[in-house]
S.K.: 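Once you've had a glance at the structure underneath, I'll fire off some questions.
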Amino acid sequence: MQRRWDVVVIGTGPAGLAAALSAREHGAREVLVIDREPEPGGILLQCVHNGFGLETFREDLPGPSYAQRYIDLAEKAGVRFLMDSMVLSVSRDFRILISNSQQGILEFQAGAVVFAMGCRERSRAQIRIPGTRPAGVYTAGTAQRWVNMEGLMPGKRFVILGSGDIGMIMARRLTLEGAEVVRVVELMPYLSGLSRNLVQCLQDYDIPLFLSHTVTNVLGNNRVSGVEVCAVDAQLHPIRESAEIIPCDTLLLSVGLIPENELSLKTGVLLDPLTGGPMTDNTGATSLEGFFAAGNAVHVYDLVDYVSQAGQAAGKSATLFAAGKLPARADVFPVRYEGAIRYGVPQRISCSSLAEEPLVLQMRVRQPMEDGAEFFVSAGIGGEATGELLFKRKFPYARPGEMVTLTVQTSAFASLKECGGLTVRVKEETA
Amino acid sequence: MKPVEKELICVTCPRGCRLRVLTDGDKVLEVFGNNCKRGASYAEMELRDPRRMVASTVRVCNGERPVLPVTLSAPIQKRLIRQLLREISTVTVEAPVKMGDVIIQNVLNSGINVVASRNLKSAGKTH
Ligand SMILES: Cc1cc2nc3c(=O)[nH]c(=O)nc-3n(C[C@H](O)[C@H](O)[C@H](O)COP(=O)(O)OP(=O)(O)OC[C@H]3O[C@@H](n4cnc5c(N)ncnc54)[C@H](O)[C@@H]3O)c2cc1C
């Protein structure tokens, strides 16, 4: 395999595959994607359930089929794959250090790099559940991999902590495989995943959901024998009197995802403390010139279609940069997400790119707004002095578990250069 | 009969619209809260003949992976899901497999096929 590449993409999930495909489509000659897994597809390979691609393909596909379509497209477009290979580091001068069991250590030189490493799950250590340390406490994604890719069952009687999508999807999957899921326990007073999964994963199978509850102790010596579950008060503190022991042999954790950025951090890319991912602009550019990022590495998405779109944008920009055709960065402006918006991406916009495509702003709200939410995008940054209203849109509701997407036509931005940035706000409606 | 209002969450797409459905017996009179046409047909189906897509895995013989993900060619009646899973659990396929290959034809006489969700190559050597 050659050592010099126009564009190197790290990660073969939907973000990486779309980036690599788009790089080829935009004229990059030598495009390489690297993954530590033996097969391309990323997390999609273990997401055997349906619900992918309704936007991109107008079809309801299982995760592996969505991946397969992009793998086929990328292969046909001449993207090269390096599998079973771990990227160890990426230097600022675009040297990529890789290790695998066939060739040992490899060093490649890239013209531009796309970070598409996805995310990883929060584990027991990160939420500090007291108790013993028996076998039988796993993250929901680990269990998903065992069941759907290795054909293994991690237990017989489950409690699931966290109402994220992976937890709910696994509750259904384990039930279908003959296990018993005694309950799903959620700390917050609302669901953290998609409402459709409450219906089709829990309600369809009569799996009880306990909101405002948490696991306060793990019991058992060699193997989990049960967990203690408590209700929590408005400050999220356990109410001791409500403690109840639930016998089970497995506790699954679906308590959040963290963008994976060890590599990008080491390279020197700036991360946003709110998302845990690189600060990016609408072209996928990070704070370091020539380095781009997309997908769950940037922030945790709930829909794969948007991941592919982000990958496509990053692949295009990486190609332009590698060819020396990316416009100067002088016209990049900040976007600020305020008030009840917990976070949003992109954090910056590049004006020169706006001529071509509408601006897509994506965000999550802090708390559920069930009676309606109106989003406003205005010119200018900061405080009350915000300028002209460029865009507004009303939604029947907004929920923390469901990302809000605003697509703003570029004609709205004539005055962007003068105003120095954008501010996004939300107003909750009351019934 | 007097019209009754029922609440449903549409599961057709990830948007998860909250539907209010005005029904008279098993007849749907009107649907509110849907953002697209699919919401109305979902409500209609959900009250008359609820169906779901079901995905699972089957064992693979001689493949690069021990199991193959499978899905359905169309949503199946909710009441058939348990039986469907029992059918699926009896199947072993021989690699290689192509995405879309029919794994079980007309499962449980439903007119629906169980199909492969991805390609699966055969393992390097046979034993
Ligand atoms: C359980 C679950 C259920 C979901 N359900 C749905 C759904 O129903 N509908 C929907 O639209 N979306 C769903 N999503 C969301 C969507 O699938 C994901 O957001 C998307 O797949 C993320 O893609 P990605 O390319 O960013 O990351 P990933 O798919 O995670 O890919 C990252 C890749 O990078 C590789 N990598 C990381 N670090 C390195 C390194 N140092 N060296 C080499 N390789 C590396 C990893 O091995 C991995 O293959 C779901 C997600 C999950 C987790």
Side-chain angles (χ1 to χ4, degrees), chain A residues 38-39 41 44-55 58 60-69 71-72 146-152 165 169 172-173 175-178 191 193-201 203-205 302-306 370 395-397 399 401-403 405, chain B residues 7-20 32-36 38-39 42 46 50-60 63-76 78-79 81-86 88-89 92 97-100 115-121:
Chain A
E39 299 173 292
L44 290 174
L45 296 183
Q46 67 183 61
C47 297
V48 302
H49 58 280
N50 284 75
F52 297 84
L54 281 159
E55 294 252 340
R58 301 264 156 226
D60 180 7
L61 300 171
S65 304
Y66 188 96
Q68 188 76 59
R69 294 206 180 179
I71 294 165
D72 293 348
W146 285 337
V147 175
N148 292 342
M149 293 183 74
E150 318 289 345
L152 304 171
D165 291 317
I169 284 163
R172 170 179 65 182
R173 185 79 186 103
T175 307
L176 290 176
E177 288 295 332
L191 200 69
L194 301 173
S195 322
R196 70 192 301 235
N197 286 332
L198 172 65
V199 176
Q200 60 185 6
C201 297
Q203 291 173 355
D204 273 2
Y205 300 93
D302 30 59
L303 286 189
V304 72
D305 309 271
Y306 292 124
E370 292 295 343
F395 291 86
Y397 46 76
R399 302 173 184 142
E402 300 174 10
M403 200 163 72
T405 301
Chain B
E7 288 210 9
L8 290 177
I9 293 173
C10 180
V11 303
T12 314
C13 87
R15 209 158 161 179
C17 293
R18 197 159 289 204
L19 311 177
R20 284 180 301 115
F32 307 95
N34 53 318
N35 283 298
C36 76
R38 289 179 300 178
Y42 170 79
E46 189 65 9
R51 288 167 180 254
R52 294 288 184 267
M53 285 302 279
V54 177
S56 187
T57 53
V58 297
R59 270 185 293 270
V60 178
E64 58 176 352
R65 287 271 171 198
V67 291
L68 168 78
V70 294
T71 187
L72 301 179
S73 55
I76 198 165
K78 253 169 89 172
R79 60 184 170 78
I81 291 178
R82 298 267 174 183
Q83 244 176 302
L84 167 72
L85 264 290
R86 269 197 299 277
I88 288 177
S89 73
T92 302
V97 182
K98 280 239 163 276
M99 174 164 70
V115 296
S117 298
R118 54 168 286 182
N119 301 345
L120 200 78
K121 294 193 203 105

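A, B, ... follow the sequence lines: proteins, then strands. Residue 1 opens every chain.
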S.K.: Are the side chains of A:Arg69 and B:Met99 in contact, using a 4.5 Å heavy-atom criterion?
M.R.: yes
S.K.: Counting heavy-atom pairs under 4.5 Å with chain A, which one of B:Pro50, B:Gly16, B:Ser56 comes out on top?
M.R.: B:Ser56
S.K.: At a heavy-atom separation under 4.5 Å, does B:Leu68 approach chain A through its side chain, its backbone, both, or neither?
M.R.: neither
S.K.: Are B:Thr57 and A:Arg173 side-chain neighbours, meaning at least one heavy-atom pair lies under 4.5 Å?
M.R.: yes
S.K.: With a 4.5 angstrom heavy-atom cut-off, could you sort out which part of B:Leu85 is near chain A: side chain, backbone, both or neither?
M.R.: side chain
S.K.: Non-hydrogen atoms of chain B under 4.5 Å away: do they reach the side chain of A:Glu370, the backbone, both or neither?
M.R.: side chain
S.K.: Under a 4.5 Å heavy-atom cut-off, does chain B meet the side chain of A:Leu61, its backbone, both or neither?
M.R.: neither
S.K.: Against chain A, label B:Thr12 side chain, backbone, both or neither, depending on which of its atoms sit under 4.5 Å from a heavy atom there.
M.R.: backbone
S.K.: Look at A:Asn50, A:Leu45, A:Leu303 and state which one has the largest set of heavy-atom pairs under 4.5 Å with chain B.
M.R.: A:Asn50
S.K.: Given A:Leu44 and B:Arg118, is the side chain to side chain contact (heavy atoms under 4.5 Å, CB included) satisfied, shown in steps?
M.R.: CA-CA 11 Å; A:Leu44 290 174; B:Arg118 54 168 286 182; over 6 Å; no
S.K.: Which bit of A:Tyr397 comes within less than 4.5 Å of chain B, counting heavy atoms only: side chain, backbone, both or neither?
M.R.: side chain
S.K.: What part of B:Cys10 gets within 4.5 angstrom of chain A, counting heavy atoms only: side chain, backbone, both, or neither?
M.R.: backbone
S.K.: For B:Arg86, which atoms come within 4.5 Å of any heavy atom of chain A: side chain, backbone, both, or neither?
M.R.: neither
S.K.: Who among A:Asp204, A:Leu194, A:Asn148, A:Val199 has the most heavy-atom pairs with chain B under 4.5 Å?
M.R.: A:Asp204
S.K.: Would you give the length of the straight line joining atom OG1 of B:Thr71 to atom CG of A:Asp60, rounded to the nearest 0.5 angstrom?
M.R.: 7.5 Å
S.K.: Less than 4.5 Å to any heavy atom of chain B: does that hold for the side chain of A:Glu150, its backbone, both, or neither?
M.R.: both
S.K.: Treating A:Ser65 as the side-chain partner and B:Ser117 as the backbone partner, does any N or O pair qualify as donor plus acceptor under 3.5 Å?
M.R.: yes
S.K.: Between A:Leu176 and chain B, with a heavy-atom cut-off of 4.5 Å, which part of the residue counts as in contact: side chain, backbone, both or neither?
M.R.: both
S.K.: Atom CD in A:Gln68, atom NZ in B:Lys98: separation rounded to 0.5 Å?
M.R.: 7.5 Å
S.K.: Determine whether A:Pro38 and B:Arg65 make a side-chain contact, defined as any pair of heavy atoms from C-beta on separated by less than 4.5 Å.
M.R.: yes
S.K.: How long is the span from the CD atom in A:Glu55 to the SG atom in B:Cys13, to the nearest 0.5 Å?
M.R.: 8.0 Å
S.K.: How far apart are the C-alpha atoms of A:Arg172 and B:Val54, what are their side-chain angles, what is the distance that settles it, and do they pass the side chain to side chain contact (heavy atoms under 4.5 Å, CB included) test?
M.R.: CA-CA 10 Å; A:Arg172 170 179 65 182; B:Val54 177; over 6 Å; no
S.K.: Heavy-atom distances under 4.5 Å only: say whether A:Tyr205 touches chain B with side chain, backbone, both or neither.
M.R.: side chain
S.K.: With heavy-atom distances below 4.5 Å as the criterion, would you say the side chains of A:Leu54 and B:Arg38 are in contact?
M.R.: yes
S.K.: In terms of heavy-atom proximity below 4.5 Å to chain B, should A:Gln203 be classed as side chain, backbone, both, or neither?
M.R.: neither
S.K.: How long is the straight-line distance from CD of A:Glu39 back to CG of B:Asn119, given to the nearest 0.5 Å?
M.R.: 10.0 Å
